[in-house]
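See structure below.
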Amino acid sequence: MFNAIDKLLQTSPGLTGREIAKHLDIDKKKVNSFLSRNKLLFQQTDDFKWYQSKNREFELSFAPVSWMTQDHFEDALIERGNPFDGTYKSAVITFPKDCSLMMVAIARMLSLLNQLSSKNIAVTIDLSKSKKTSSFLNRSGFFDLLHQDITVLPSRPEPGSSAALKYQDNSHSLVEFGAIKLNSTDAEIGQLIQRLGKRFVTAASKDYFHIIMTVFSEFIHNVKEHSDSRIPGFAALQSYNGWQGKHIQTVISDSGVGLVATLRATLKENYPELDAQFPVGSPHSDVELVKHVFSNGRISRYGSKGGRGLGFESSRKQASKNEALLIIRQTTFSIEQRYKDGSLLSSTVRNDLSLINGTHICFDFFIDTSEDIGLI
């Protein structure tokens with residue numbers, strides 16, 4: 001209901017509760033009850049007309065779950081609307097008690113918060129009831145990459161004293177968040193790739209080494225070369241043994257303009273046949289363009305003579321040899337592709353996501369522990 005009312009009052013401010021209910025075909029009592037409970041977001045004048053609050057606060061909270069996945073995160077964000085719509089001065093994100101977050105959910109959260117802060121929105125993370133969550137965020141290096149202007153309740157680690165720095169690379173199941181900056185040196189990028197690769201083969205098998213190093217190298221170098229964002233990108237890894245079986249989840253994200261916008265900038269000039277095949281202006285066309293890029297590769301924003309491309313073809317090929325889930329999130333959509341034994345088993349698209357800039361990649365590799373693997 002929030003999304004619908006918010007969009008309506010943004011385009012048609014000054015409606016009464018009765019008029020809002022009529023426009024949205026919702027019971028008037030439910031509309032008035034909702035508005036009365038959300039007076040920090042909406043304000044009513046003496047003549048009973050409703051407007052978006054001038055100094056309103058974006059509030060994001062999550063339902064209690066054992067493990068928060070990317071879908072839990074996205075669903076909660078969709079329900080609250082777009083925090084970048086220009087009407088919010090502050091944002092408060094509240095975590096439920098003892099909630100464990102999948103690495104992909106942490107990565108999207110980190111990108112969202114840093115992007116909000118970059119827009120001069122005062123951000124607060126309330127972890128007062130979530131000691132377990134706060135402890136893992138500290139251990140994973142989340143706070144080290146979180147913008148210093150963001151308030152953390154009840155407190156955040158002092159600069160340089162986080163658990164991630166103290167215990168870096170001491171876990172067999174975790175690679176702490178590593179920054180990918182515009183000014184990162186080749187040595188720093190190489191070290192991050194090596195850390196991810198070493199931990200991956202420790203959790204899985206040395207037989208995966210060539211495959212996984214190709215994946216990590218391609219994605220991380222693309223963030224370094226193409227994100228064009230002052231907000232650092234990052235990569236991290238976590239292995240799991242649970243209801244989904246043994247799997248290793250790796251996230252690589254940036255807060256740039258995104259893969260689609262990067263390609264669109266020169267697609268007509270460099271690849272006119274693709275520009276015609278995937279015309280600008282259609283969300284469906286953007287989705288199909290991303291699928292094409294990951295399936296076919298050999299595409300660069302600089303054209304055929306532009307050096308390293310944005311295709312990710314080799315990563316997709318290597319991942320598809322195993323059981324793997326590839327998740328690609330763009331500004332307002334995501335694509336989830338599941339592979340096994342070289343075949344694409346399923347492809348799922350979500351077109352309803354709330355805005356988060358950049359390209360956000362998640363690779364889930366499912367490890368078969370029943371027999372030895374011979375992949376090289």
Side-chain angles (χ1 to χ4, degrees), residues 60 62 64-70 72-73 93-114 117 123-181 188 191-204 212 216 220 231-244 246-253 360-365 367:
L60 178 62
F62 304 97
V65 290
S66 297
W67 281 96
M68 185 189 297
T69 66
Q70 71 275 14
H72 292 122
F73 168 77
I93 290 81
T94 305
F95 289 85
K97 182 179 179 181
D98 294 336
C99 174
S100 297
L101 282 73
M102 299 293 291
M103 191 60 76
V104 61
I106 298 175
R108 295 189 188 184
M109 179 73 67
L110 179 58
S111 294
L112 172 65
L113 298 179
N114 283 340
S117 184
V123 180
T124 299
I125 310 173
D126 190 349
L127 291 157
S128 301
K129 299 179 180 179
S130 314
K131 185 177 180 180
K132 177 181 176 182
T133 307
S134 180
S135 178
F136 183 76
L137 292 178
N138 182 15
R139 180 65 186 86
S140 69
F142 174 90
F143 295 124
D144 297 318
L145 270 67
L146 188 69
H147 196 282
Q148 288 301 310
D149 288 345
I150 295 175
T151 300
V152 179
L153 300 177
S155 65
R156 69 189 294 167
E158 292 294 326
S161 65
S162 75
L165 292 175
K166 183 177 181 180
Y167 300 109
Q168 187 177 77
D169 295 332
N170 284 351
S171 170
H172 291 295
S173 62
L174 172 71
V175 175
E176 299 84 356
F177 282 95
I180 308 170
K181 304 177 182 179
E188 290 170 334
Q191 183 181 38
L192 177 58
I193 294 169
Q194 288 292 328
R195 288 178 59 218
L196 292 165
K198 180 180 178 181
R199 188 60 61 234
F200 190 99
V201 298
T202 299
I212 207 61
F216 294 158
I220 289 175
I231 302 174
F234 54 80
L237 177 151
Q238 175 76 42
S239 64
Y240 302 92
N241 283 294
W243 60 272
Q244 291 182 308
K246 184 174 182 180
H247 62 113
I248 305 174
Q249 189 169 92
T250 306
V251 292
I252 301 170
S253 292
H360 310 277
I361 304 293
C362 174
F363 258 123
D364 247 333
F365 283 83
I367 308 302

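Just so we're clear, the structure is a prediction, and the values are computed from it rather than from any experiment.
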Would you say the side chain of [Y] lies within less than 4.5 Å of the side chain of [X], judging by non-hydrogen atoms?
| X | Y | result |
| --- | --- | --- |
| Leu237 | Ile248 | yes |
| Arg199 | Leu174 | no |
| Phe143 | Pro157 | yes |
| Leu137 | Leu127 | yes |
| Lys97 | Pro64 | no |
| Ile125 | Leu146 | yes |

What distance separates [X] [atom1] from [Y] [atom2], expressed to the nearest 0.5 Å?
| X | Y | atom1 | atom2 | result |
| --- | --- | --- | --- | --- |
| Ile193 | Glu188 | CD1 | CD | 12.0 Å |
| Phe200 | Thr250 | CZ | OG1 | 6.0 Å |
| Phe62 | Thr94 | CZ | OG1 | 9.0 Å |
| Thr202 | Asp169 | OG1 | CG | 10.0 Å |
| Ser134 | Phe142 | OG | CZ | 9.5 Å |
| Gln168 | Asn170 | CD | CG | 9.0 Å |

Shortest non-hydrogen contact from [X] toward [Y]:
| X | Y | answer |
| --- | --- | --- |
| Ala236 | Leu196 | C-CD2, 4.0 Å |
| Ile212 | Gly197 | CG2-CA, 4.3 Å |
| Ser162 | Asp144 | OG-OD2, 2.8 Å |
| Asp149 | Ser117 | CB-OG, 4.0 Å |

Any residue meeting side chain to side chain contact (heavy atoms under 4.5 Å, CB included) with [X], in chain and number order, not counting sequence neighbours:
| X | result |
| --- | --- |
| Lys129 | none |
| Leu153 | Thr124, Asp126, Ser128, Thr151 |
| Gln148 | Arg156, Pro159 |

Quiz item: Relative to the ring of Trp67, is the ring of Tyr240 parallel (under 30°), tilted (30 to 60°) or perpendicular (over 60°)?
Solution: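 Rings of Tyr240 and Trp67: perpendicular, as their planes differ by over 60°.
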Self-check item: Chi angles and distances behind the side-chain contact (heavy atoms from CB on, under 4.5 Å) call for Ser161, Lys166
Solution: CA-CA 7 Å; Ser161 65; Lys166 183 177 181 180; over 6 Å; no
Exercise. For residues 150-177, pull every pair meeting ring-ring contact (aromatic ring centres under 6.0 Å, His included), keeping only residues two or more places apart or in separate chains.
Key: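 Residue pairs with at least one partner in residues 150-177: Phe177-Phe234.
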Quiz item: Is a donor on one side and an acceptor on the other found under 3.5 Å between the side chain of Gln238 and the backbone of Met103?
Solution: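 No: the side chain of Gln238 does not pair with the backbone of Met103.
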Practice problem: Given side-chain contact (heavy atoms from CB on, under 4.5 Å), test Thr69 with Val104 step by step and report yes or no. | Solution: CA-CA 7 Å; Thr69 66; Val104 61; 5.7 Å; no
Self-check item: Short side-chain donor-acceptor distance under 3.5 Å, Ser239 and Lys246
Solution: no
Exercise. Applying side-chain hydrogen bond (donor to acceptor under 3.5 Å, both in side chains), name anything that partners Glu176, two or more places apart in sequence or on another chain.
Key: Arg139, Arg195
Determine all donor-acceptor pairs shorter than 3.5 Å in which one atom belongs to a side chain in residues 106-114; sequence neighbours excluded.
unit_1: Arg108; atom_1: NH1; unit_2: Glu74; atom_2: OE2; d: 2.6
unit_1: Ser111; atom_1: OG; unit_2: Ala107; atom_2: O; d: 3.3
unit_1: Asn114; atom_1: OD1; unit_2: His147; atom_2: N; d: 2.8
unit_1: Asn114; atom_1: ND2; unit_2: Leu145; atom_2: O; d: 3.1

